[in-house]
There are 4 protein chains.
Amino acid sequence: MTDVGGIAAEQLRSFIERIERLEEEKKALQSDIKDIFAEAKGNGFDVKIMRQILKLRKMDQAEVDEQETLLDVYRQALGMLPPTE
Amino acid sequence: MTDVGGIAAEQLRSFIERIERLEEEKKALQSDIKDIFAEAKGNGFDVKIMRQILKLRKMDQAEVDEQETLLDVYRQALGMLPPTE
Amino acid sequence: MTDVGGIAAEQLRSFIERIERLEEEKKALQSDIKDIFAEAKGNGFDVKIMRQILKLRKMDQAEVDEQETLLDVYRQALGMLPPTE
Amino acid sequence: MTDVGGIAAEQLRSFIERIERLEEEKKALQSDIKDIFAEAKGNGFDVKIMRQILKLRKMDQAEVDEQETLLDVYRQALGMLPPTE
DNA sequence: AACGTTGAAATAGTTC
DNA sequence: GAACTATTTCAACGTT
């Protein structure tokens, strides 16, 4: 292992490059999403409305999840669940 | 106006200090909130549950707001509102 | 929490509402800060740099130095700096 | 959008779902990145500094220099630097 | 008391 | 250049 200034240089480089690759992939996906919006717009759909719909669907799901969490928290508070499962 | 390096130093200092004061006030409020949680806990309430309740109340409100925004967006898309009010 | 409809429920509501009020105030302060940045920008100042200034004024010098030293070590390990400057 | 129950609605649903799928994939990648940072940390690397490295590798040198120069001007204006170093 | 988790705040990039 | 979106960063919090 090559040590530069007390650092395992090769290992560091490997971590950095793996992250950069994944970030590239993320960027590509973002670009795909952009393309879909553009395609939808070309088909006469209103992108702004689509974004609102997506946001609402996300919020709805979050709300459901949150309700279930709250339920569990209450259950635990009332001793209806093992303390730490 | 005292110019240092081409910068209106007095004015800059004034902006910076005003912001720092407001941030102090924010910090104080945050501390107050913490105290209330502690007080509630001392009265037998479960802080975790309280946080869940606060989160849900916020989400509900956000959802209502979002619905109204969506409605407006639809209205505008359908020509029921002036384009840019 | 079991005394729904009685004292406990009232007390819980009170705690929740006090916290919500304080959070509203925090939001208002945040908005004031935003306004000051906007005003500064209107007077030709660079908001981003101002934020860095604020951050530096919060940090102690030892911290700043340590971070910069470590960053250089990593940069050298990755060949991002000339070998012996 | 007016053709509810017909082709348009189906098409809209398709666009929405494709986007949601891509966003899921993005989330998964983000999670992978998180894991790598955790692994690096477990190997003794400083995650915060790694982030700075990643940012520097993205920026061009001219940008970096310009920011630092401006920051010094502001610091001098506020007396945060010795008058003539 | 370090650790990871989460939520808020800031920055950067994109669109109009 | 103004507004919006998305990403990143930072700080608080509970957890172990």
Side-chain angles (χ1 to χ4, degrees), chain A residues 19-20 22-35 37-38 41 46-52 54-55 58 62 65-66 69 73 76 83-85, chain B residues 19 22-23 26-27 29-35 37-38 41 46-52 54-56 58-59 62 66 69 73 83-85, chain C residues 19 23-24 26-27 29-34 36-38 41-42 46-56 58-59 63 67, chain D residues 19 22-23 26-27 29-31 33-42 44 46-60 63-64 67:
Chain A
I19 290 168
E20 282 175 341
L22 291 170
E23 278 175 357
E24 280 308 307
E25 291 181 48
K26 265 181 67 183
K27 214 168 207 165
L29 286 174
Q30 188 53 40
S31 169
D32 291 347
I33 290 172
K34 204 172 130 187
D35 291 346
F37 276 120
K41 188 174 181 174
D46 183 317
V47 170
K48 197 167 174 181
I49 290 179
M50 287 177 68
R51 286 190 196 277
Q52 295 279 346
L54 285 161
K55 200 191 275 191
K58 234 195 266 183
D65 295 347
E66 195 71 16
T69 303
V73 171
Q76 194 168 332
T84 325
E85 203 172 352
Chain B
I19 290 167
L22 291 170
E23 277 175 358
K26 264 180 66 184
K27 212 168 210 166
L29 284 174
Q30 189 53 42
S31 169
D32 291 347
I33 291 171
K34 208 171 133 188
D35 290 347
F37 276 119
K41 187 174 183 174
D46 183 316
V47 170
K48 198 167 174 179
I49 290 179
M50 286 177 69
R51 285 190 195 280
Q52 295 279 348
L54 284 161
K55 200 194 274 191
L56 274 174
K58 235 196 266 185
M59 286 173 70
E66 195 70 16
T69 304
V73 170
T84 325
E85 205 172 350
Chain C
I19 290 168
E23 277 174 358
E24 281 306 307
K26 264 181 65 184
K27 216 170 208 166
L29 285 174
Q30 190 53 43
S31 170
D32 291 346
I33 291 172
K34 203 173 133 190
I36 296 180
F37 276 119
K41 184 176 183 172
D46 184 313
V47 170
K48 191 171 170 181
I49 304 292
M50 285 177 68
R51 287 189 196 279
Q52 285 184 256
I53 293 284
L54 285 161
K55 193 187 283 187
L56 285 174
K58 264 195 264 188
M59 288 175 75
E63 258 178 300
Q67 294 263 338
Chain D
I19 291 169
L22 292 170
E23 277 174 358
K26 269 179 61 185
K27 216 170 206 167
L29 285 174
Q30 188 53 43
S31 170
I33 291 172
K34 201 174 133 191
D35 291 346
I36 296 180
F37 276 120
E39 191 189 344
K41 184 173 187 173
D46 184 314
V47 170
K48 194 170 172 181
I49 304 291
M50 285 178 69
R51 287 189 197 279
Q52 284 184 255
I53 291 285
L54 286 161
K55 191 188 282 187
L56 284 173
R57 282 165 68 108
K58 264 194 263 187
M59 287 175 77
D60 91 50
E63 257 178 301
V64 178
Q67 293 263 338

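Per chain, numbering begins at 1; letters A, B, ... match sequence-line order. Quick caveat: nothing in here was measured; it's all calculated off a predicted structure.
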Between [X] ([atom1]) and [N] ([atom2]), how many Å, whole number?
X     : N      : atom1 : atom2 : result
A:D35 : E:dT15 : CG    : P     : 11 Å
A:E23 : E:dG13 : CD    : P     : 13 Å
C:Q67 : F:dT9  : CD    : P     : 13 Å
C:I19 : F:dA12 : CD1   : P     : 17 Å
C:I33 : E:dA9  : CD1   : P     : 9 Å
D:L29 : F:dT7  : CG    : P     : 11 Å
B:M59 : E:dA8  : CE    : C1'   : 16 Å
D:I53 : F:dT9  : CD1   : P     : 13 Å

Using a cut-off of strictly less than 4.0 Å, decide whether [X] has a side-chain nitrogen or oxygen near OP1 or OP2 of [N].
X     : N      : value
B:K48 : F:dT15 : yes
B:K27 : F:dA11 : no
D:R51 : F:dT8  : no
A:Q30 : F:dT5  : no
C:K26 : F:dA12 : no
D:K34 : E:dG4  : no
C:Q52 : F:dT9  : no

Nearest non-hydrogen partners of A:A62 and B:M59, listed with the distance: C-CE, 3.5 Å

field: Nearest heavy atoms of B:L29 and C:K26, plus distance in Å
entry: CD1-N, 3.5 Å

- prompt: Side chain of B:K55: nearest nucleotide among E:dG7, E:dG4, F:dT8?
  reply: E:dG7

In Å, rounded to the nearest 0.5 Å, how long is the span from [atom1] of [X] to [atom2] of [Y]?
X     : Y     : atom1 : atom2 : answer
A:K48 : B:T69 : NZ    : OG1   : 9.5 Å
B:E23 : C:Q30 : CD    : CD    : 7.5 Å
A:I19 : D:I53 : CD1   : CD1   : 11.5 Å

statement: Of B:V47 and C:K41, the one whose nearest nucleotide on DNA chain F sits closer to the 5' end is C:K41

